[in-house]
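Reviewing the structure listed below.
By convention in this document, chain letters (A, B, ...) are assigned in the order of the sequence lines, proteins followed by strands, and residues within each chain are numbered from 1. Values below: all heavy atoms of this structure, side chains included; hydrogens, waters and symmetry mates excluded.
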There are 2 protein chains.
Amino acid sequence: MKKLTMKEIAKLANVSQSTVSRVINGKEGVNEKLAKRVFDVINEVGFVPNKAAQTLKQNQSYIIGVCVTETYNPYFVELIDTLESVARNYGYNILLHNSKRNPILEWESMENFISRQVDGIIFVPTSDYNFEKISKLPIPVVSVTQTHEEFHSVGLDHYKAGQLAAKKFIYTNHKTFGMVGNIPDDKFFGFRDTLAENGFTFQMKNYITIKETSSNSYLIRQDIEDYLDRVTNLEFTSVFTTNDLMAVEFVKAVEDRGIKVPEDISVIGFDDTILSKMMGISSIHQPIEEMVKTTMKLLLDRIEKKVSSKKVQIKLEPTLIERKSSRLK
Amino acid sequence: MKKLTMKEIAKLANVSQSTVSRVINGKEGVNEKLAKRVFDVINEVGFVPNKAAQTLKQNQSYIIGVCVTETYNPYFVELIDTLESVARNYGYNILLHNSKRNPILEWESMENFISRQVDGIIFVPTSDYNFEKISKLPIPVVSVTQTHEEFHSVGLDHYKAGQLAAKKFIYTNHKTFGMVGNIPDDKFFGFRDTLAENGFTFQMKNYITIKETSSNSYLIRQDIEDYLDRVTNLEFTSVFTTNDLMAVEFVKAVEDRGIKVPEDISVIGFDDTILSKMMGISSIHQPIEEMVKTTMKLLLDRIEKKVSSKKVQIKLEPTLIERKSSRLK
DNA sequence: CTGTTAGCGCTTTCAT
DNA sequence: ATGAAAGCGCTAACAG
């Protein structure tokens, strides 16, 4: 195979270059015989048109820029995979970047996207550091996973997810509650508020903080061990974690210390990934397929119909998948 | 932010468009004052050059096409992530495709890569179905993970990996051996041959076949359960699995039937992913970083220096990471 | 040192 | 119905 241009195809088929273009793009009104001759040549030599030239000419690349914050958590991998499939069905390719929770890299990715002429951007924000700049980008942007007022966005209702976990623990007769997470977020507020509404108070000393920089199992485990070393014994019988990685490491850490799950403590994770499935840990399910389809539709509507209007936020419903890590107290 | 062109920057800075180009590309011999004026305008308005135009003009896109076969196995995710990091350090972006083990999709991806003017391709083959066509592509191609004579390729030495597992089992006094995998491959041959060299014969009835289409934990588990239902009791005390997903599902399946790991049976997995780490399963380690760096260097050498020559295969050394799933019989 | 100009491969208008 | 020609944004050869 050699790299070919339409000009050369035109010569081989003995037609003009614009005719080749018409044939390839299925424009009406090309003589059937000519069209066939062109197709034959194309198939024979394996010609594919140069998308850089098409992009330049049409001012549209059929690429969507996707920027995630990490891939260590299988949740994001499933998200990316689904995005790729759905985008492909619409005739788009994905340009994938990983900001690694670094706002500098995040902005670099955005510049790269613009530079590559992507038609739209789907991203998981690192923080609000670049919010203003990103919201001023000259192409449609949708943030995914969590909703933000600054963007079109679709995400799970994290507040409700917290409520769901709290309610489950309360209904199964737990009286003391813990959480594992980074800095308190909507999941925490939902959890805490629901406890409060039911006459319980969340004790901040039962919040196990995982450092923002603890991005893998080993580091998460360290943070949990540090907590466990400090408190000597756990003052709660139920715990809700911010993602499945934390749930897994929490379960392993306490079991190593002779505390039984779920006999001594109930655990509910978050994301419902392969990890919680494998380990039999209860988890809040993320409807990834629905989330991605909604996201893509939102984005393509802005790209194709140029619907701009005001920012829309779409919150999806969490559901709890019960496994063997949680039970009646 | 608005989409801008060099022409508009030129007007704003009151210079010619080629001067803007020179400044952006750091060419020598531009008056400092002019350069500063141009930079100021660029920074003020946030201009980034149109890469589609650059690609068209320079016939080089600084994109590398990457096509993997799946992302359900965390091994591939780590591979992709590392590829992205290393490529970025060299100034390249990654265009990611997933063939899902489907040769039709694989070839579509290759055509897309050519169409997008990627400078080179790194891929994990689905099968040998497209080998001939892919080896004729007009740009450098490297296959990764396993070596193939048809391509420049870098991969682990799978035969040696099989040897390693077999030796471990033999040295720890096992007398009966099993394997879990798709159709027999180099890992199997290394395993079987090493047993033979030590006076053992691998019994094919101890080979648990996982269907090629069983691409997730649930399906793998089904295949294992089918086998277990059929044989009533296991005729081996040691088993080597083709990847960590299989190892995990095997361990869970037998433990559900009251067989203890490692007391009753020793298990060695493959890939040394987060899964085996989490579950404490011994596994053959893949040196991903080394593999990716080697791959990228091989590819960039062909891209930049146009070193063509004959195909080179690079095989990396496997190592065994011992955890608690294997022990002395 | 800087500006003018041609041309990368394509789509699309215009002319025939 | 088909071809000729302009132009997308950029780089680089050429001219001054």
> What's the NZ-P distance between B:Lys7 and C:dT5, to the nearest Å?
Replying inline: 13 Å
>> What is the distance, to the nearest angstrom, from the CG atom on B:Asn59 to the P atom on C:dG7?
In response: 16 Å
>> With a 4.0 Å cutoff (strictly under), does any side-chain N or O of A:Gln54 reach OP1 or OP2 of C:dT11?
In response: yes
> Under the side chain to side chain donor-acceptor pair (under 3.5 Å) test, which residues partner B:Lys293, sequence neighbours left out?
Replying inline: B:Glu289
>> Tell me the interatomic distance from A:Asn25, atom CG, to D:dA1, atom P, rounded to whole angstroms.
In response: 18 Å
>> Check this for me: does the side-chain of A:Lys57 come within 3.5 Å of the base of C:dG9 through a donor and an acceptor?
In response: no
> Which nucleotide in the set D:dT2, C:dC10, D:dC10 lies at the smallest distance from any side-chain heavy atom of A:Phe47?
Replying inline: C:dC10
> Side chains of B:Thr145 and B:Tyr75: do they bring a donor and an acceptor to under 3.5 Å?
Replying inline: yes
For nucleotides 13-16 of chain C, list the nitrogen or oxygen atoms of the protein found under 3.5 Å from its nitrogen or oxygen atoms, one pair per line.
| residue | atom | partner | partner atom | Å |
| --- | --- | --- | --- | --- |
| C:dT13 | O4 | A:Arg22 | NH2 | 3.4 |

> Given the side-chain rings of B:His97 and B:Phe113, with only the six-membered ring counted for Trp, is the space between their centroids under 6.0 Å?
Replying inline: yes
>> Five pairs per end, C1' atoms only: what is the angle between the end axes of the helix from C:dC1-D:dG16 to C:dT16-D:dA1, to 10 degrees?
In response: 50°
>> Going by the rule salt bridge (Lys or Arg N to Asp or Glu O under 4.0 Å), which residues pair with B:Glu84 if we only count those two or more places apart in sequence or in a different chain?
In response: B:Arg88
> Quick one: is B:Thr19 getting a side-chain N or O under 4.0 Å of the C:dG3 phosphate, OP1 or OP2?
Replying inline: yes
> Under the salt bridge (Lys or Arg N to Asp or Glu O under 4.0 Å) rule, what pairs show up with a residue in residues 62-73 of chain B, not counting sequence neighbours?
Replying inline: B:Glu70-B:Arg101
>> Taking A:Glu32 first and then A:Lys36, would you say they form a salt bridge - that is, a charged N and a carboxylate O separated by under 4.0 Å?
In response: no
> By salt bridge (Lys or Arg N to Asp or Glu O under 4.0 Å), which residues pair with B:Arg37, not counting sequence neighbours?
Replying inline: none
> Is the phosphate of C:dC8, meaning OP1 or OP2, less than 4.0 Å from a side-chain N or O of A:Asn50?
Replying inline: no
> When the ring centroid of A:Phe151 is compared with that of A:Phe131, is the distance short of 6.0 Å?
Replying inline: yes
> At under 4.0 Å, does any side-chain N or O of A:Ser16 touch on OP1 or OP2 of D:dT2?
Replying inline: no
> Rounding to a whole Å, what distance do you find between B:Lys11:NZ and D:dG9:P?
Replying inline: 12 Å
> Quick one: is C:dG9 close enough that its OP1 or OP2 comes under 4.0 Å of any side-chain N or O from A:Thr5?
Replying inline: no
> D:dA1 C1' sits how many Å from A:Arg37 CZ, rounded?
Replying inline: 13 Å
> Do A:Lys100 and B:Ser85 get their side chains close enough for a donor-acceptor pair, meaning under 3.5 Å?
Replying inline: yes
> Whole Å only: how far is the CD1 atom of B:Ile114 from the C1' atom of C:dG9?
Replying inline: 16 Å
> Any side-chain heavy atom of A:Met110 sitting closer than 4.5 Å to one from A:Asn130?
Replying inline: no
> Starting at CG of B:Asn31 and ending at C1' of C:dG3, how long is that distance when rounded to a whole Å?
Replying inline: 14 Å
> DNA chain C: B:Glu28 or A:Val20, which has the more 5' nearest nucleotide?
Replying inline: B:Glu28
>> I need the CD-P distance between B:Gln17 and C:dC1, as an integer number of Å.
In response: 21 Å
>> Please confirm whether the shortest side-chain N or O distance from A:Lys27 to OP1 or OP2 of D:dT2 is below 4.0 Å.
In response: no
